[in-house]
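Each chain gets a letter, A, B and so on, in the order its sequence line appears, and its residues count up from 1.
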Protein chains: 2
Amino acid sequence: MPPRGRRPVGGPDPREQILTAAAELFSELGFERTTMRAVAARADVDAALIHHYFVNKEGLLSAALVMPVDAGVLLAGLDQDPEHAGEAVVRRVLGLWEGDPETRRRLLGLIRVGLSHDYAAGVLRDLLGRTILTALGRVVPDDHRALRAALVGTQMGGLLLGRYVLGIPAVRDAPPEQLVAAIGPVVQHYLTGAIGGAPAASINQPHGTA
Amino acid sequence: MPPRGRRPVGGPDPREQILTAAAELFSELGFERTTMRAVAARADVDAALIHHYFVNKEGLLSAALVMPVDAGVLLAGLDQDPEHAGEAVVRRVLGLWEGDPETRRRLLGLIRVGLSHDYAAGVLRDLLGRTILTALGRVVPDDHRALRAALVGTQMGGLLLGRYVLGIPAVRDAPPEQLVAAIGPVVQHYLTGAIGGAPAASINQPHGTA
DNA sequence: GATCCATGTCAACGCTTGATGAATTGGGTG
DNA sequence: CACCCAATTCATCAAGCGTTGACATGGATC
């Protein structure tokens, strides 16, 4: 335990350590089970310092829960190959999760917390709804645009839920490219296929095996 | 407030009232935010009585969290019309949720709690994985059977998440038959379509986003 | 080098939580 | 009727929670 008062310069930035610790714990435990004292302990800091910087536990949440990726960037350029946009969406999202562990942890935290706390639920709803909608704007035809984007959201959300949150074995252990091959056509269908009223909305495999 | 000691006969069964209250609160608030005292108050009972019957808060959870529907029954007979099994799955699941409010609340609770507490997470994983697998057994071809069932689980789970938990507008407000028409073919595809195997064409990533 | 403020710890408060043990009542059984 | 056990409340506990105010320290400013 360091002595009282301001620390000499040189050491790590305590504010940053608090944010890191909070992000880790929130993502592992959710909002309620994460205690200020635990965050303080992991950040090697007194608990009161958290209040000094972030006022509240909610303030800490807001600060720690930054959206770790810009959906617009992630999903940019899909209209350049509209026929494989579905596979690209799945591949990029999975690539995002499988890549940097820090990003993955933040996303996982977003989901975990979002399912237990209202503030983050808004962020999550926003991500799965409006953000994806605008990001997919150019690829998606005008009719049922909002519904199409939301359907993509449900499929991708369900995938992430099964693979990373619940850990359903068949989905958790599948190699990413298998998931891309399996789910890509579905996303493609939601993006550009016949939805609703149209008869015989079949999902055609581009490589024609049946 | 009733006096001490055993109640005279005739009134409602306190044990049952506790279970009802617990199911309601767990489904509304999740595990952590549901307090024993709140359950006791709603059941019009002293908090200690809950411990008398269910020992623990976890014991109460286990008792209150009965699976409100038998997946085998819900998904029975799909093989009699295998070509429309996908639509049938979506229609039956949505029908289940849109029907009895009590069932709906229990299912919602299962999801809410399952995403915040390990015990219920197991139940949920089981439901979305193994249970659905056996229920779909006859319809699903042998190859990738577990994966197919799990994929159905992700799509259905994502749908329920978007519609009932997060409340994404386009999905929340859509009439059930529109969702059946939109998602049914996807489930059908997961059940009987061509999955994986085919080499996937790649799409160029923008801005070096992995 | 005196002053001021951001930074940091310490000690504690007030509250809620899950849980426990004793006390009390009523029904069932002999 | 006497006895026992289940049912039920009461009073209370220890722990943990988020939060607060007071205090100490060091860097920056003039």
Using atom CE of Met36(B) as one end and atom P of dT9(D) as the other, report the distance to the nearest whole Å.
-> 14 Å
Does a sphere of radius 6.0 Å around CD in Gln80(B) hold more than 12 heavy atoms from other residues, nucleotides or ligands, not counting ones at 6.0 Å or beyond?
-> no
Cut-off 3.5 Å, no hydrogens considered: what does the side-chain donor-acceptor table look like for residues 29-39 of chain A, sequence neighbours left out?
residue	atom	partner	partner atom	Å
Arg33(A)	NH1	Ser116(B)	O	3.3
Thr34(A)	OG1	Leu25(A)	O	3.1
Thr34(A)	OG1	Gly30(A)	O	2.6
Thr35(A)	OG1	Ala38(A)	N	2.9

note: Gln17(A), atom CD; dT7(C), atom P; distance rounded to Å ~ 15 Å
Rounded distance (Å) that lies between atom P of dA22(C) and atom NE2 of His51(B) | 17 Å
Calculate the interatomic distance between Asp13(B) atom CG and dA7(D) atom P; express it in whole Å.
-> 9 Å
Given dA6(D), is OP1 or OP2 found less than 4.0 Å from the side-chain N or O atoms of Tyr53(B)?
-> no
Select one nucleotide: of dA19(C), dT9(D), dT19(D), the one nearest the side-chain heavy atoms of Ala48(B).
-> dT9(D)
Rounded distance in Å - CZ (Arg15(B)) to C1' (dA6(D)) = 13 Å
Picking from dC10(C), dA12(C), dA6(C), the nucleotide nearest the side-chain atoms of His52(A) would be dA6(C)
Considering just the side-chain nitrogens and oxygens of Asn56(B), establish if one lies under 4.0 Å of OP1 or OP2 belonging to dA19(C).
-> yes
Identify which nucleotide among dT8(D), dG18(C), dT19(D) has an atom closest to any side-chain atom of Leu49(B), counting heavy atoms from C-beta outward.
-> dT8(D)
Could you state the atom-to-atom distance from CG of Asp44(B) to C1' of dT9(D) in whole Å?
-> 13 Å
Interatomic distance, Leu96(A) atom CG to Leu75(A) atom CG [nearest 0.5 angstrom] = 9.5 Å
So which one's nearest nucleotide on DNA chain C is more toward 5', Arg37(A) or Thr34(B)?
-> Arg37(A)
Using atom CD of Glu58(A) as one end and atom P of dT19(D) as the other, report the distance to the nearest whole Å.
-> 9 Å
Roughly how many Å is it from CD1 in Ile50(A) to C1' in dT9(C), rounded to a whole number?
-> 13 Å
In this structure, CG of Asp44(A) is separated from CD of Gln17(A) (nearest 0.5 Å) by 7.0 Å
Can you list, pair by pair, the side-chain donor-acceptor contacts under 3.5 Å of residues 104-115 of chain A, counting residues two or more places apart and other chains?
residue	atom	partner	partner atom	Å
Arg105(A)	NH2	Glu102(A)	OE1	2.2
Arg106(A)	NE	Glu102(A)	OE2	2.9
Arg112(A)	NH1	Ser27(A)	O	2.8

